[in-house]
Amino acid sequence: MAALAFPLRMAKPNPIPDLKQRVKTLEGQVRVLLPLVDEVGILKQRMDSWTLHGLEARKEEEKGGSSDLEQLKERLELKEKELRGLKEESEREKAELRQKYEEEHQLRLQQEESYLDQLGKLRQELQAEREMRRQLEESKVEALRLHREELQAKGEELKKLADELQAECQKTAELRAAAEVGPNLQQKDSQGRTELHRAAERGDTHRVQLLLDAGSPVNAVDHDGRTPLWLAAQRGHQDACRVLLAAGERLDMKSRPFGWTALLEAAYCGHPAVCELLLAAGARPNEPDAIQQTALHYAACRGHAPVVQLLLRHGAERGVRGEDGRTALDLARQQRKTEVAAMLEG
């Protein structure tokens, strides 16, 4: 009836249409709504049955659910007990591990402290050893320095003694040589030469001086008129020439038969140092020999350019001619001494 009253409330009165027509319309609507009312009743019954059945099933489910809940509670309690046991065991293990770690850490700290103590002792020992080595090296260096100074002093003493011994030996040798040559100063060999001639020819300056000191005649001549200075100049012994000149040997003495002076012989043999010594001592550069040739002729002929230059510097004349009429330049050209010829042409 409530469903039937719903359309009546929804329909509004219309005063304009005809009342019959309105009744017909309402009857048609009632005919349409009656089957729907039946269907609604059927549906309501079904819903009521479904509701009762659902309530009973839910109760049964609640009963079964309560038993499941109890089982779940028991299982949860068991799990909680297990978890509490595991947690307690974990805590115990953590505590044991923490204690073990602390013990190991403490032991490691003690070992490190022991190592540091040992290292400090080793460092001190090393420093002490280094200091001892340094002191030992310094003492060694000082000892070596003192030993070196001592050796140097001894070396100087030995050198001084050696010099004194050498001087004594030289004096002894001179005395012995003087004793040996004393009686033979005037004695000559087959060439008419004295011991002074032979010493000068060898260039034995010490022997020359010893013989001169013993009184050997400085201007003695051999069979060819050669003096000791002439022989020393021939060989180029500058020191022996210097000793003989200092003893007063004459520079103008000539050999036989060509009349060569010591300067001419030194120029011919090409000894510029001896020539310079003789010229400085007063030898005349233009002194001719037996055929009127000078030292410049023979130096040019032999091609001794340094001697030619020295003679020209000391005043030797280029134009002097010998017996054959040739000058020094002519001889240089003839012997093809181009360097000397160029000097003489200038």
Side-chain angles (χ1 to χ4, degrees), residues 169-285 287-299 301-304 307 311 322-324 331:
C169 291
Q170 185 175 355
K171 289 180 181 179
T172 303
E174 290 176 356
L175 292 174
R176 184 180 300 155
E180 291 176 356
V181 302
N184 300 318
L185 294 177
Q186 301 292 337
Q187 186 177 356
K188 296 183 178 183
D189 58 11
S190 59
Q191 294 178 326
R193 296 180 181 179
T194 63
E195 181 64 22
L196 184 59
H197 282 88
R198 291 188 289 272
E201 188 176 17
R202 292 194 306 270
D204 190 351
T205 306
H206 180 69
R207 183 73 171 173
V208 169
Q209 186 65 56
L210 182 63
L211 291 168
L212 291 172
D213 293 340
S216 180
V218 67
N219 291 312
V221 296
D222 62 5
H223 296 331
D224 294 324
R226 299 171 180 174
T227 64
L229 178 63
W230 197 98
L231 294 173
Q234 182 186 42
R235 301 292 182 177
H237 300 312
Q238 183 180 1
D239 293 336
C241 290
R242 185 178 291 106
V243 172
L244 292 168
L245 289 171
E249 182 163 344
R250 292 167 56 185
L251 293 169
D252 58 348
M253 297 186 71
K254 299 181 180 181
S255 64
R256 293 186 295 268
F258 302 109
W260 283 14
T261 61
L263 175 63
L264 196 147
E265 180 66 19
Y268 178 82
C269 295
H271 301 306
V274 175
C275 291
E276 187 171 7
L277 178 65
L278 296 173
L279 288 168
R284 291 178 293 182
E287 183 71 23
D289 63 357
I291 57 175
Q292 301 303 311
Q293 289 185 351
T294 63
L296 187 62
H297 283 81
Y298 293 104
C301 177
R302 300 280 291 181
H304 300 313
V307 177
L311 291 170
E323 287 186 352
D324 57 1
L331 294 176

Going through the checks in order, is the side chain to side chain contact (heavy atoms under 4.5 Å, CB included) test met by V307 and L296? CA-CA 8 Å; V307 177; L296 187 62; over 6 Å; no

Test side chain to side chain contact (heavy atoms under 4.5 Å, CB included) on L251 and L229; report intermediate values, then the result. CA-CA 8 Å; L251 293 169; L229 178 63; 3.9 Å; yes

Could you go through E323 and Q292, starting from their C-alpha distance and side-chain angles, then the distance that decides it, and tell me whether this counts as side chain to side chain donor-acceptor pair (under 3.5 Å)? CA-CA 6 Å; E323 287 186 352; Q292 301 303 311; 5.1 Å; no

Using a strict cut-off of less than 4.0 Å between a Lys/Arg side-chain nitrogen and an Asp/Glu carboxylate oxygen, indicate whether R198 and D189 qualify as a salt bridge. yes

Kindly give the heavy-atom pair with the smallest separation between A240 and A200, and that separation in Å. CB-O, 4.5 Å

Note: L311 and A299 closest approach over all heavy atoms is CD1-CB, 4.3 Å

Any side-chain to backbone donor/acceptor pair from R256 onto H223? Under 3.5 Å, distance only. yes

Looking at every non-hydrogen atom in both residues, tell me the closest pair between H297 and G322 and how far apart they are. NE2-N, 3.9 Å

Answer yes or no: is there a side-chain heavy-atom contact under 4.5 Å between L279 and P285? yes

Would R242 and T205 satisfy side chain to side chain contact (heavy atoms under 4.5 Å, CB included), going step by step from the backbone distance to the final call? CA-CA 9 Å; R242 185 178 291 106; T205 306; over 6 Å; no

With rounding to the nearest 0.5 angstrom, report the CG to CZ distance, L212 to R207. 11.5 Å

Minimum heavy-atom separation for A220 and P228, please, with both atom names. O-CD, 3.2 Å

Between T227 and E249, do the side chains contain a donor N or O and an acceptor N or O under 3.5 Å apart? yes

Dump the intermediate steps for side chain to side chain contact (heavy atoms under 4.5 Å, CB included) on L244 and V218, then the final yes or no. CA-CA 7 Å; L244 292 168; V218 67; 4.1 Å; yes

Between R235 and the options R202, E265, E201, the side-chain contact (heavy atoms from CB on, under 4.5 Å) test singles out E201

Considering non-hydrogen atoms only, spot the tightest contact between A262 and W230 and give its length. N-CD1, 3.7 Å

With a 4.5 Å limit on heavy-atom distance, are the side chains of T294 and L264 in contact? no

Would you confirm whether K188, through its side chain, and V221, through its main-chain N or O, come within 3.5 Å as a donor-acceptor pair? yes

Per the ring pair (Phe, Tyr, Trp, His ring centres under 6.0 Å) rule, what does the pair list look like for residues 238-275, sequence neighbours excluded? W260-Y268, W260-Y298

Nearest-0.5 Å distance that lies between atom CG in L211 and atom OG in S216: 5.5 Å

CG/L210 to NE2/H206 distance, rounded to the nearest 0.5 angstrom? 5.5 Å

Hey, which of R284, M253, E287, R250 is the one that makes side-chain contact (heavy atoms from CB on, under 4.5 Å) with T261? E287

Shortest non-hydrogen contact from L263 to A283? CD2-CB, 3.9 Å

Spacing of Q234 atom CD and C241 atom SG [to the nearest 0.5 Å]: 11.0 Å

